[in-house]
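First up is the structure itself, then whatever we jot down about it.
These values consider heavy atoms only, across backbone and side chains, with no hydrogens, waters or symmetry-generated copies.
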Amino acid sequence: MTIKHFLEFNDITRDEFDYLMNRTRDIKAKFKRYEPYYPLQDRTLVMIFEKASTRTRLSFEAGMHQLGGSAIYLNTRDSQLGRGEPVEDAAQVISRMCDIVMIRTYEQEIVERFANHSRVPVINGLTNEYHPCQTLADIFTFIEHRGDIQGKTVAWVGDGNNVCATWLQAAELLDFKVNIATPSDYNIDVSKVNIKGTHHEWFADPMKACEGADIVTTDVWTSMGFEDENKARRKAFADFQVDAEMMAVANPEAVFMHCLPAHRGEEVSAEVIDGPQSVVWDEAENRLHTQKALMEFLMLGRK
């Protein structure tokens with residue numbers, strides 16, 4: 001049996017994406033009805049964290065319990081992984097003692113090396129390069145609110161980071177467009193994103209990027225691991241705050257997204273994130289539901 005991993009958005013096909021969206025809808029409906037559903041009874045998820053987290057840990061841990069399984073938290077400070085044990089050795093040991101692994105770390109290479117030596121599915125909970133679970137939840141949220149994302153336009157305003165990279169992969173798979181507006185020194189290197197490059201456009205002016213957009217989304221200006229750059233980044237990103245003026249030039253039905261945590265007054269104004277077009281709280285909750293569908297799929301296949 002071939003083990004399927006989810007290390008970047010490209011790891012799923014369009015058909016698998018459609019399946020995951022349908023399963024997410026059904027699993028969320030069960031959750032809202034307080035209907036017990038335990039397909040992962042006696043299954044164990046190991047969560048390995050090198051980067052701190054609120055939503056990732058909570059959504060995976062709660063999700064695994066809600067599906068009848070159990071979750072074990074490992075921090076690299078408290079395990080041999082943080083004391084120099086080769087990733088390959090850790091993968092072989094850990095994957096013999098559990099049914100699925102989620103890793104939140106710095107380099108994408110780490111999750112890839114782990115997956116190459118794992119006996120069980122591995123999920124990327126975030127790396128410097130990609131954040132596929134976040135984009136899975138974001139798109140499900142858009143579908144809930146506005147329907148099919150095919151042919152739509154996403155305006156990415158701010159840092160050309162891991163979430164931006166994942167949106168670019170999703171755009172090619174699902175046939176929508178990403179307008180990218182970043183300061184010149186913080187552009188995303190598309191050559192490293194593993195895409196053909198036919199579904200995005202660059203904008204120096206974030207207002208232009210937002211014109212007619214169906215989703216306006218952003219992230220913090222300083223991601224984990226780049227704290228030393230905070231002062232320089234605040235200066236470089238001064239004109240890239242998503243505010244009411246940007247939302248006003250977007251599609252009147254546009255939604256605002258943010259993967260959180262957010263800094264009001266920096267990458268987004270309070271008026272926008274707390275306003276009527278914001279879907280950030282649904283977006284955060286949907287991490288739970290999409291990841292439950294994902295774990296079920298990776299361990300049990302199609303239901």
Side-chain angles (χ1 to χ4, degrees), residues 1-13 16 19-20 23 38-53 55-136 162 165-166 169 192-194 224-225 287-288 290-303:
M1 177 181 175
T2 302
I3 299 170
K4 187 168 184 64
H5 306 294
F6 189 56
L7 309 184
E8 55 184 86
F9 209 89
N10 283 347
D11 285 337
I12 56 173
T13 65
E16 289 168 340
Y19 170 79
L20 286 171
R23 286 304 295 157
Y38 304 134
L40 301 184
Q41 192 168 7
D42 296 327
R43 303 292 181 108
T44 302
L45 162 71
V46 168
M47 306 179 297
I48 302 172
F49 285 88
E50 189 173 14
K51 282 190 173 187
S53 166
R55 280 152 295 278
T56 296
R57 179 177 179 182
L58 180 59
S59 56
F60 272 105
E61 191 164 342
M64 193 63 180
H65 284 299
Q66 290 166 16
L67 293 178
S70 59
I72 297 172
Y73 173 85
L74 292 179
N75 190 296
T76 51
R77 292 191 301 271
D78 307 321
S79 68
Q80 293 298 332
L81 266 174
R83 298 186 176 93
E85 180 175 22
V87 171
E88 293 79 3
D89 292 0
Q92 294 198 63
V93 173
I94 292 170
S95 66
R96 286 170 179 254
M97 299 183 183
C98 68
D99 302 283
I100 191 166
V101 177
M102 185 282 299
I103 305 176
R104 183 180 175 95
T105 187
Y106 289 91
E107 293 82 16
Q108 180 75 10
E109 178 194 18
I110 293 174
V111 296
E112 291 173 355
R113 287 165 57 197
F114 194 104
N116 287 337
H117 292 80
S118 174
R119 292 185 169 200
V120 301
V122 176
I123 297 172
N124 176 1
L126 175 144
T127 61
N128 287 346
E129 289 81 3
Y130 300 113
H131 198 357
C133 291
Q134 181 65 55
T135 304
L136 203 63
N162 51 359
T166 310
Q169 288 193 343
K192 297 180 179 178
V193 179
N194 194 19
M224 282 180 287
R287 288 286 302 277
L288 171 70
T290 52
Q291 288 163 191
K292 286 165 73 172
L294 177 65
M295 290 190 290
E296 179 193 65
F297 172 62
L298 293 178
M299 279 187 275
L300 304 182
R302 296 180 186 243
K303 295 284 286 183

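- The structure places CG of L294 at 6.0 Å from CZ of F6, a figure rounded to the nearest 0.5 Å.
- Of all the heavy atoms in P132 and F9, the pair that sits closest is CB-N, 3.8 Å.
- Between I123 atom CD1 and K4 atom NZ the span is 12.0 Å, to the nearest 0.5 Å.
- The two residues R104 and S53 come nearest to each other via the heavy atoms NE-CB, 3.4 Å.
- Summarising the geometry, atom CD belonging to E61 is positioned 11.0 Å from atom CD belonging to Q66; distances are rounded to the nearest 0.5 Å.
- The distance from atom OG1 of T166 to atom CD of Q134, rounded to the nearest 0.5 Å, is 9.0 Å.
- In this structure, the side chain of S95 engages the main chain of A91 through a donor-acceptor pair within 3.5 Å.
- A donor-acceptor pair under 3.5 Å links the side-chain atoms of Q169 to the main chain of V193, judged by distance alone.
- With sequence neighbours left out, the side-chain hydrogen bond (donor to acceptor under 3.5 Å, both in side chains) criterion links N116 to no other residue.
- For the pair D11 (side chain) and L7 (backbone), a donor-acceptor distance under 3.5 Å is present.
- Across all their heavy atoms, M64 and L40 have their closest contact at SD-CD1, 3.8 Å.
- There is no side-chain donor-acceptor pair under 3.5 Å between Q108 and N162.
- Side chain of R119 to main chain of Q92: no donor-acceptor pair is present (N/O by atom type, distance under 3.5 Å, no hydrogens or angles).
- Using a 4.5 Å heavy-atom cutoff, the side chains of I94 and F114 are in contact.
- Cation-pi check for R23 over F297 is not met; the charged atom does not lie both under 6.0 angstrom from the ring centroid and within 45 degrees of its normal.
- Considering T127, N128, T56 as possible partners of K51, the one that fulfils the side-chain hydrogen bond (donor to acceptor under 3.5 Å, both in side chains) test is N128.
- A donor-acceptor pair is defined here as one N or O able to donate and one able to accept, closer than 3.5 Å; such a pair exists between the side chain of H5 and the backbone of V122.
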**Message:** Could you go through K192 and E129, starting from their C-alpha distance and side-chain angles, then the distance that decides it, and tell me whether this counts as side chain to side chain contact (heavy atoms under 4.5 Å, CB included)?
**Reply:** CA-CA 9 Å; K192 297 180 179 178; E129 289 81 3; over 6 Å; no

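- Distance check, rounded to the nearest 0.5 Å: CG of L136 to NE2 of H131 gives 11.0 Å.
- Put simply, the side chain of N10 gets close to the backbone of N194: a donor and an acceptor are under 3.5 Å apart.
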Would you give me the side-chain donor-acceptor pairs under 3.5 Å for residues 41-50, sequence neighbours excluded?
unit_1	atom_1	unit_2	atom_2	d
T44	OG1	S70	OG	3.4
E50	OE1	T105	OG1	2.3

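- Within a 6.0 Å sphere centred on CZ of R302, heavy atoms belonging to other residues, nucleotides or ligands number more than 12.
- Side-chain contact between E112 and E8 is present, with at least one heavy-atom pair separated by less than 4.5 Å.
- L300 contributes atom CG, which lies 9.5 Å from atom CG of D99 (distance to the nearest 0.5 angstrom).
- With sequence neighbours excluded, the residues that form a side-chain contact (heavy atoms from CB on, under 4.5 Å) with Y38 are P36.
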